[in-house]
Amino acid sequence: MDLSSREPAVGTLPPRARFRSSLGEQSLNSNRGEQKLNSNRGEQKLNSNRGEQKLNSNSGEQKLNGDWRFRLSPSLAAAPEGIEAEDFDDSSWDTIPVPSSWPMHGYGAPAYTNVQYPFPLDPPFVPDENPIGDHRLTFDADESLLQGAVLRFDGVDSTADVWLNGELLGTTRGSRLMNEFDVSHLLRAAGNVLVMRVAQWSASSYLEDQDMWWLPGIFRDVTVMARPAQAIRDLFVHADYADQTGTLRVDVDGDLPAEVRIDELGVVAAAGQQVKISNVIGWTAEQPKLYTAKISTELETIELKIGFRTITVADSQVLINGKPIMFRGVNRHEHHPDLGRVVPRSVVESELRLMKQHNINAIRTSHYPPHPVLLELADELGFYVIDECDLETHGFAMNQWRRNPVADPDWRPALVDRMSRTVHRDKNHPSVLIWSLGNECGTGDNLRVMAETARNIDPARLIHYEGDWSSTYVDLYSRMYAPVDEVHKIGEKTEEPLDDEAADAHRRELPFVLCEYIHAMGNGPGGMSEYQELFDRYPRLVGGFVWEWLEHGIRRRTDDGTEYFGYGGDFGEQVHDGNFVIDGLVSADREPRPGLIDLKKVYEPVAIDVDDAWRTITITNKYAFSDLDHLRWDWAAEDADGRYAAGVLTTVEVAAGQQATANLPAEIAAARRAGAVLTVTARLAKDTNWATEGHEIAWGQAGSVAATEQSVSGGSPVVHEADVLVLGPARFDATTGRLTDLAGTRIDGPRLNLWRAPTDNDNGMDWHIKRRESAGWQEVRLDQLQGRLADVAEIEDDHGHGLRVTTRYAAPSYDRHVDVITTWRSDGSRIRMQATLVPQGEWSPSWARIGLDFVLGGGYDNLAWAGQGPGQKYPDTGQAARLGYFTSSVADLQVPYVRPQENGSRWAQRLTLTGDRPLTFSSADGFAFAARPWSQQALAAAEHTVDLVADGRLHLTIDHRQLGIGTASCGPGVLPAYRLDPAQLTETDLRMELIIE
Ligand code: IPT
């Protein structure tokens with residue numbers, strides 16, 4: 001086994017398996033010729049690899065998925081010899097399912113790195129310690145396969161030698177690309193022996209440095225397909241669309257006479273013949289109309305779903321069927337918490353439905369061609385897809401890009417081969433609009449050649465690559481994590497010029513896409529709306545793809561069986577990148593995180609604005625193609641007592657891309673009252689293939705939740721009882737100045753809190769931001785504030801009696817401090833707290849919050865609030881939090897981020913802890929609150945969800961101000977509008993008021 005060959009590695013094509021035109025232009029054969037596979041086996045001739053799509057033929061196929069014999073060796077040297085022999089005795093081997101990622105079945109362990117290669121950079125060689133997974137299967141072949149057949153692997157990570165019945169077929173290359181071998185001469189009816197020696201590391205690993213777990217194995221389907229001598233080898237559908245007219249030509253390889261039929265359109269044509277078809281419905285993500293085509297030869301019929309659509313670029317926009325579109329996209333990796341790279345079809349189906357349900361219309365298959373099922377479903381459900389080649393060489397950056405394969409001519413055939421196989425595999429999917437050369441490979445001329453390769457095979461699609469900002473050989477100007485102000489300039493076409501004038505002129509006319517943005521790691525992402533506003537404003541900005549759809553957590557169990565998700569470093573890796581692999585809108589189990597709920601609001605295809613008087617509604621139709629006939633419009637009014645009026649609006653007519661204002665029925669304005677909220681919701685009027693009738697698409701609101709009665713007069717005088725000061729229902733400890741009891745409920749607080757358990761964004765990567773928020777906090781020891789009662793005084797003034805408590809908070813070793821002056825009044829049943837902060841000294845650069853902590857005993861497991869909910873909200877997140885009246889258990893307020901961190905804050909004007917003795921906090925200005933069964937310190941110390949243990953108390957933080965969240969975990973930090981810089985605080989920022997009863 002030669003692990004170091006610079007690819008293409010897979011076999012020579014027998015003449016009949018050649019592509020008619022496409023592959024003919026490439027010099028693949030010369031590179032594929034003789035390969036030295038294994039020192040002890042000498043030179044071997046490789047077999048065929050067609051690098052093309054899977055044809056859905058009626059001539060038959062047989063899946064070889066199932067239990068295979070398996071043996072893992074720590075190195076090639078330690079691997080058994082002679083396993084390819086048919087009579088090799090594998091009875092002592094284990095069995096493993098195929099497809100599988102073997103570390104997920106107890107062999108070795110998963111390992112996670114982002115940019116860095118976990119082995120020395122010595123291309124194309126890999127270490128001697130190279131796990132080798134030997135796989136063997138004995139099978140009988142279906143009758144239909146015996147006239148000629150191809151053995152197909154949809155995914156083998158990273159490289160395998162393959163033998164059938166003792167004969168070497170060749171070596172697979174390209175983990176996420178398909179490899180095929182002609183087995184016509186070898187396959188027999190009974191007792192076939194298929195043997196695969198899979199190496200975890202190979203030269204291919206240098207090209208596959210994606211930010212994900214390293215998980216070797218035969219992780220996608222293994223199939224034998226009947227491909228007799230006269231079978232169709234390749235099909236290329238060209239189905240364009242303009243003005244209800246489809247233009248169709250189906251190219252079939254070789255000189256095979258074939259007939260093309262589309263019954264639904266009454267089309268019968270010869271292969272290679274171009275036909276115009278009228279009354280065609282075009283394919284778009286909004287209306288993914290597919291037609292079934294049958295391509296028949298004397299021998300077989302191949303069925304194919306066809307979508308008619310044309311993609312063009314005009315006026316720096318991307319047009320589908322002549323209309324500009326916007327990508328409301330996500331980056332999607334393939335990962336399963338128990339199976340690794342193996343993702344069952346049912347999971348893919350449900351996750352794509354989940355995407356559609358959250359107004360997502362585009363997918364970048366980061367960073368490799370996906371399992372073929374994904375594209376089938378994308379065609380069917382309607383997604384615009386950037387299909388990315390299996391290529392990333394990011395780790396060369398750590399060596400100043402020396403010997404980067406994309407800049408090394410020796411690697412060129414390998415890269416060109418990968419690109420061409422990507423295009424050939426997926427070229428007949430209408431959902432695929434764009435070919436992406438790969439991800440994070442720096443720059444190099446091989447990329448330009450890859451672009452040419454893709455364009456030559458398929459001139460009808462666009463080419464994408466982000467890593468070369470000169471953008472000379474691509475059709476889109478693409479960037480990742482560009483900050484809002486830069487994107488603004490790009491939208492206006494006033495961005496900084498490139499040095500090369502011609503390149504600049506070319507790039508300035510390109511549509512702009514953010515192939516990655518708003519990094520969804522942990523709590524966040526913050527600041528999504530600001531990007532969307534720019535996309536909506538500037539036609540050149542064709543949208544973006546959130547990084548990323550899915551967290552790559554791996555399910556683990558504690559000794560007592562409690563489940564949690566593991567991340568990098570949990571599996572004994574020496575070199576790893578921690579929880580950077582946990583950065584998705586959904587958990588590894590596909591449970592939506594708050595970021596996805598917010599994104600759904602940000603990606604709304606319809607904007608709904610209701611005026612304050614509840615009289616008019618303004619609707620903006622942001623669809624590119626659809627009118628609003630598919631939607632139903634509900635309205636409902638609610639106040640503290642619940643919903644009291646509701647109805648359905650008559651159909652609203654607004655054409656695609658248009659805005660209209662209409663009067664609401666008079667009964668709605670008549671229903672308006674104080675403390676009430678009107679919500680208008682656009683829902684699906686009927687079932688679709690991704691959601692049922694009634695599914696919510698968009699919503700808008702007017703009104704407000706009840707304002708609180710503010711007049712708490714200082715009627716009650718302060719009464720002294722030994723070390724206790726009593727004010728109405730409140731008791732204070734005279735030595736600390738803190739509340740100890742409120743109407744019989746034990747309480748401890750307030751204590752000033754300026755910190756939070758750092759989020760992943762607070763811990764940020766400093767390639768974008770000047771400094772990590774959490775590092776700044778650590779420097780000033782914001783998490784260690786100590787209080788000292790400076791003064792406690794009884795007061796009597798125009799407002800009556802009161803108690804004034806002054807507490808000085810400061811961190812160990814430092815003299816900078818904040819005095820908190822709290823004035824308490826009571827009318828006998830309620831108390832009012834007014835607090836003023838007086839900071840002294842240098843506190844820069846940021847505070848996480850201006851909050852007050854209270855700790856209560858047990859018994860408060862539920863709460864109710866008037867404000868925004870039901871989900872969490874921070875200054876630059878929580879777009880989905882709506883006005884209303886909410887209840888929740890304390891447990892349900894917590895967001896189980898895989899690495900625990902600040903979470904769960906809600907905005908309220910009134911909060912009631914419901915228990916035996918309900919306690920209510922209110923403020924007309926509103927506040928944010930977090931209620932947790934553990935302390936902030938415990939939250940910060942936890943590394944996994946299982947580390948968090950309820951301590952029997954309720955930890956309540958009431959925030960007057962908070963720092964935004966931002967996306968500094970891999971992107972810009974908190975935008976200026978959402979910062980909390982002590983040096984910039986106003987008097988209003990420093991004064992808070994709360995009524996407690
Ligand atoms: C960017 C990568 O393209 C992506 O694969 C992922 O690693 C992401 O970052 C972070 O999660 S590269 C980054 C250095 C901009």
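Along the sequence shown, residues carry numbers from 1. All values below were derived from every heavy atom in this structure, side-chain atoms included, with hydrogens, water molecules and symmetry-related copies excluded. As the structure lists them, so they are numbered: ligands from 1, and atoms in each ligand from 1.
In this structure, the side-chain contact (heavy atoms from CB on, under 4.5 Å) partners of Asp570, at least two apart in sequence or on a different chain, are Arg556, Tyr567, His944.
In this structure the side chain of Leu391 reaches within 4.5 angstrom of the side chain of Cys441, judged on heavy atoms.
Rounded to the nearest 0.5 angstrom, Leu596 CG and Ile360 CD1 are separated by 5.5 Å. Between atom OH of residue Tyr473 and atom CD1 of residue Ile463 there is a gap of 11.0 Å, rounded to the nearest 0.5 Å.
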Evaluate side chain to side chain contact (heavy atoms under 4.5 Å, CB included) for Trp777 paired with Ser846, printing each intermediate quantity in order.
CA-CA 7 Å; Trp777 304 337; Ser846 80; 2.9 Å; yes

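Taking a heavy-atom cut-off of under 4.0 Å, ligand 1 is surrounded by Asn114, Asp211, His367, His394, Asn439, Glu440, Met480, Tyr481, Glu516, His519, Trp547, Phe580, Asp583, Trp767, Cys970.
Look at Glu495 and Lys493 and you find no salt bridge, because none of the NZ, NE, NH1 or NH2 atoms lies under 4.0 Å from a carboxylate O.
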